[in-house]
Amino acid sequence: MKQDSKQEIKSRPNSKIKLCVFDFDSTLMDGETIDELAVSFGVGDEVKHITQKAMAGELDFFESLTRRVALLKGLSLQKATEICKNLPLMNGAKELIAELKSREIKVIVFSGGFHLATDNMREILGYDESFANILHQKDGVLTGLVGGEMMFSSSKGEMLLRMQKILNISKDETMCVGDGANDISMFKHSSVKVAFCAKPVLKAAATHCIDTKDLREIIKILD
């Protein structure tokens, strides 16, 4: 595991963590859901380019999301659902979630992607809940429009504040794990901020940086 020097400087006992919030794409899932959908529809290169710019913080997240989803107009809902049911898990995802649940830590997913993916993966991984976006469809075909809970760069931070209030959990009892620029807003409200195989813009905001594609490395942070 490669970790920057910030871990030694900023780390603290983490046995008090009660809530862990994960990003989904390239964190719990090994890849980007929208890129997988785009490849199946023949617009993979264009969508991937926009995704990369958004995750690096070079493009507004709302703009990037709506532009990418617009390129999926005409994709069948059945095909999109099939793809979302067969997304690859990140190495160590099952083991990490099981460990967190054994410690009675609430596990929630905030995704700038789609409920088609996160709801299905919840059944596989067993996290408590997910908040994501919805691909609009009409007559079984995607319209190219999107709506939902995670539409903006600030959405994850705003939702985390709501969850902390509902669950009566403080910033010091919260850990967040992500890889891209739209995870910065939730990092601001968490004491343990894990940048997992992340873009430089997120690493700069992290307390822990893990560059090995194995989520089990996060267990070491908890111990």
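Each residue takes its place number in the sequence, starting with 1. Bear in mind that the values here come from a model prediction, so they are computed numbers and not experimental data.
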Please answer whether the main-chain N or O of Thr118 pairs with a side-chain N or O of Tyr127 as donor and acceptor at a distance below 3.5 Å. yes

Would you call Lys203 and Asp211 a salt bridge, using N to O less than 4.0 angstrom? yes

In plain terms, say whether Glu82 and Lys85 are close enough for a salt bridge, that is, a side-chain N and a carboxylate O under 4.0 Å apart. no

Output yes when a side-chain donor or acceptor of Thr27 lies under 3.5 Å from a complementary backbone atom of Gly178, and no otherwise. no

Gln137 (side chain) donor-acceptor with Gly140 (main chain) under 3.5 angstrom: yes

Check whether any side-chain N or O of Asn133 sits under 3.5 Å from a backbone N or O of Met150 as a donor-acceptor pair, and report yes or no. yes

Ignoring hydrogens and angles, state whether a donor on the side chain of Ser153 or Asp60 is under 3.5 Å from an acceptor on the partner side chain. no

Taking all atoms of both residues into account, what is the closest heavy-atom pair of Leu142 and Ala80, and its distance? CD1-CB, 4.5 Å

Between Glu149 and Ser155, does any side-chain donor sit less than 3.5 Å from a side-chain acceptor? no

Checking the side chain of Glu217 only, and the main-chain atoms of Gly92 only, is there a donor and an acceptor separated by less than 3.5 Å? no

Ring-plane angle category for Phe152 and Phe62, please: parallel below 30°, perpendicular beyond 60°, tilted otherwise. parallel

Asp223 with Arg103: basic N within carboxylate O range, under 4.0 Å: yes

Is there a donor-acceptor pair closer than 3.5 Å between any side-chain N or O of Lys18 and the backbone N or O of Glu173? no

Heavy-atom nearest pair, Ser40 first then Leu75, reads OG-CD1, 4.0 Å

Checking side-chain contact (heavy atoms from CB on, under 4.5 Å) for the pair Ser185/Glu158: CA distance, chi angles, key distance, verdict? CA-CA 8 Å; Ser185 66; Glu158 292 167 358; over 6 Å; no

Return yes if some donor-acceptor pair links the side-chain N/O of Gln52 with the main-chain N/O of His49 below 3.5 Å, else return no. no

In terms of heavy-atom contacts, does NZ of Lys106 have more than 12 from other residues, nucleotides or ligands at under 6.0 Å? no

Is the shortest side-chain N to carboxylate O distance from Glu58 to Lys53 below 4.0 Å? no

Residues Arg68, Glu46: salt bridge by 4.0 Å N-O rule: no

Measuring from Met186:CE to Ile108:CD1, what's the distance to the nearest 0.5 Å? 11.0 Å

Check for a donor-acceptor pair, side chain of Ser190 on one end and backbone N or O of Thr174 on the other, with a separation under 3.5 Å. yes

Carboxylate-amine/guanidinium proximity below 4.0 Å for Lys101 and Asp128: yes

Of all the heavy-atom pairs spanning Ala195 and Ala198, show the shortest one and how long it is. CB-CB, 3.6 Å

Are more than 12 heavy atoms, taken from residues, nucleotides or ligands other than Lys171, located less than 6.0 Å from that residue's NZ atom? yes

Given Ser130 and Asp119, is the side chain to side chain donor-acceptor pair (under 3.5 Å) satisfied, shown in steps? CA-CA 7 Å; Ser130 71; Asp119 291 354; 3.2 Å; yes

Main-chain N/O of Thr207 paired to Lys193 side chain as donor or acceptor, under 3.5 Å: no

Does any non-hydrogen side-chain atom of Val69 lie less than 4.5 Å from one of Leu135? yes

